[in-house]
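To start, the structure under review is shown below, and the notes come after it.
Protein chains get the first letters and strands the later ones, always in sequence-line order, with residue 1 at the start of each.
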Protein chains: 2
Amino acid sequence: MCFYTDLMFTQSEENYLKAIFHLEQEGEAGVATSNLSEQLQAKAASVTEMIKKLADKNLVDYQKYYGVRLTENGRKQALNIVRKHRLWELFLAEHLGFKWDEVHEVAEQLEHIKSEKLIDSIDKLLGYPKNDPHGDPIPDKNGNLEKKNKSLLSKCKPGDSGVIIGVKDTSSSFLQYLDKQHIAIGTKFTIQHKEPFDGLLDIDINTKQLKMSHKMAANLYVETNESSS
Amino acid sequence: MCFYTDLMFTQSEENYLKAIFHLEQEGEAGVATSNLSEQLQAKAASVTEMIKKLADKNLVDYQKYYGVRLTENGRKQALNIVRKHRLWELFLAEHLGFKWDEVHEVAEQLEHIKSEKLIDSIDKLLGYPKNDPHGDPIPDKNGNLEKKNKSLLSKCKPGDSGVIIGVKDTSSSFLQYLDKQHIAIGTKFTIQHKEPFDGLLDIDINTKQLKMSHKMAANLYVETNESSS
DNA sequence: TTAAATTATTAGGTTTGCCTAAATTTTAAT
DNA sequence: ATTAAAATTTAGGCAAACCTAATAATTTAA
Ligand SMILES: [Mn+2]
Ligand SMILES: [Mn+2]
Ligand SMILES: [Mn+2]
Ligand SMILES: [Mn+2]
């Protein structure tokens, strides 16, 4: 029996594996061609074609018309790319002074560099970190991904307090908006009031009172010590 | 007038530009298709094809059957790739503990990453270095390449002393051989004797006497204070 | 100065990863 | 249950960057 565990993949194949990995987490069902098409900025026909190639290589299980799921090996490969992406993002932030809205684009390129020694050295240099600049967990060398139970700030109730541990939307515009309000990973907060009509929050954050929109709160992951209700 | 100075190139185009740059330095004549073919591990027919594409983009001057030379713009682009290659090599050596025989392969990949901010940050992190781990000069941001007059150790005469400033052969095997003899960039030497028959050197190096073959000496660049003869 | 050898170019294919347009299947709406 | 809409797949092409084999130009050697 041979699992072809350590072949090399093209950049495009790697991008597909990563995209499937991310979309898979949205549910149990197969990842739809159209979703991949949108994520990868490619036409559906191109996606179908590549999916078939990945299926031939036993990286995905594919049922025509019903989408695709990663195999165990496919997941392992995807996690390796995610690991590289997040380590590079953190390296750029910690060692080269990149802001958290600047790291993603470059990491999209760096994640495809093929050198185990390189990424292990970066890992070591960073002190075997657990999270990237956006709070996302970094898989370890063996593909173990810590699964912290994070909830959305928008789900919190008045009286709840906690810490920002991640962002859902990682677009530059959102990240820059957070910068402007001095909200970052690790920032502590307490919810004072929540408007029933539109979910607008009165929130203590950075020793200031802030009105936070529902949309913003729905893009911030938090860890809470829930208030006893 | 438009020089198309800042377009993006494919990895393959970049590799051709770099190869032409290196081969150009061997003389004034056009770089031959066959030399590029060997350097790039591609068949001559493929080289001709790519050369035509580069000529269309005004990156090279091409005369059928007489080889190719970089245009001013082509040279600028090539220097930028060389700059990235050498900065990455030094980064790998200085910050990630790579040995000088390990850096080249990874730098071949990293040199194609497209981010001016990234390479400028690496440059800054390294303190705007002048030379890579093999002693080769690093072009600055504007494409200025310091032209030190280096000579070969094999050309030295008895009584000459100086410093190793670079290697001609950068193969792993040669670099590892140098390691074994504790010869590195910066190592000082004095020539004691040179055998007329085969050019074998008796040389003081690392406070030891060493017999050095002509072949080895012919792959070491040195800076000398020539002995008054 | 010619003929042979070498080098380079052209012609015609292949593979990868895209695309559009047409056909098929699934899903949603009467 | 039918039909319309939406999603997916198939068919047929294209460009990049390779390749081999055939042809042409240049160089070298007789
Ligand atoms: Mn990212
Ligand atoms: Mn991230
Ligand atoms: Mn190198
Ligand atoms: Mn070098």
*Has A/Tyr65 got a side-chain N or O lying under 4.0 Å from the OP1 or OP2 atom of D/dT9?*
no
_Short side-chain N/O contact to C/dT16 OP1/OP2 from A/Thr10, under 4.0 Å_ = no
_B/His104 and B/His134: side chain donor to acceptor below 3.5 Å_ = no
*Report which part of the nucleic acid B/Ala42 touches: base, sugar-phosphate, or nothing (heavy-atom distance under 4.0 Å, all strands).*
sugar-phosphate
*asked:* From C-beta outward on A/Lys43, which listed nucleotide comes closest to its side chain: C/dT26, D/dT10, C/dC19?
replied: C/dC19
*Look at B/Tyr16 and D/dC18 and indicate whether a side-chain polar atom (N or O) is within less than 4.0 Å of OP1 or OP2.*
yes
*Test: B/Lys117 cationic atom under 6.0 Å from A/Phe98 six-membered ring centre, within 45° of axis*: yes
*Step by step, work out the side-chain hydrogen bond (donor to acceptor under 3.5 Å, both in side chains) result for A/Ser171 and A/Ser173.*
CA-CA 5 Å; A/Ser171 68; A/Ser173 52; 3.2 Å; yes
*If you look at every strand shown and take non-hydrogen atoms under 4.0 Å, does A/Ser34 touch a base, only sugar-phosphate, or nothing?*
sugar-phosphate
_Interatomic distance where NZ belongs to B/Lys64 and P belongs to D/dT26 [whole Å]_ = 10 Å
*Using a cut-off of strictly less than 4.0 Å, decide whether B/Thr33 has a side-chain nitrogen or oxygen near OP1 or OP2 of C/dT7.*
no
*Of A/Glu13 and B/Ala32, whose nearest nucleotide on DNA chain C comes first from the 5' end?*
B/Ala32
*With a 4.0 Å cut-off on heavy atoms, is A/Thr48 in touch with a base, just the backbone sugar-phosphate, or nothing at all?*
base
*When the nearest nucleotide of DNA chain C is assigned to A/Glu49 and to B/Glu49 on a heavy-atom basis, which residue is associated with the more 5' position?*
B/Glu49
*asked:* Using a heavy-atom cut-off of 4.0 Å across all strands, would you classify B/Ser12 as base, sugar-phosphate, or nothing?
replied: sugar-phosphate
_Side-chain N or O of A/Tyr62 versus OP1/OP2 of D/dT8: is the shortest distance under 4.0 Å?_
no
*Are A/Lys57 and A/Glu13 close enough for a salt bridge, meaning some N to O gap below 4.0 Å?*
yes
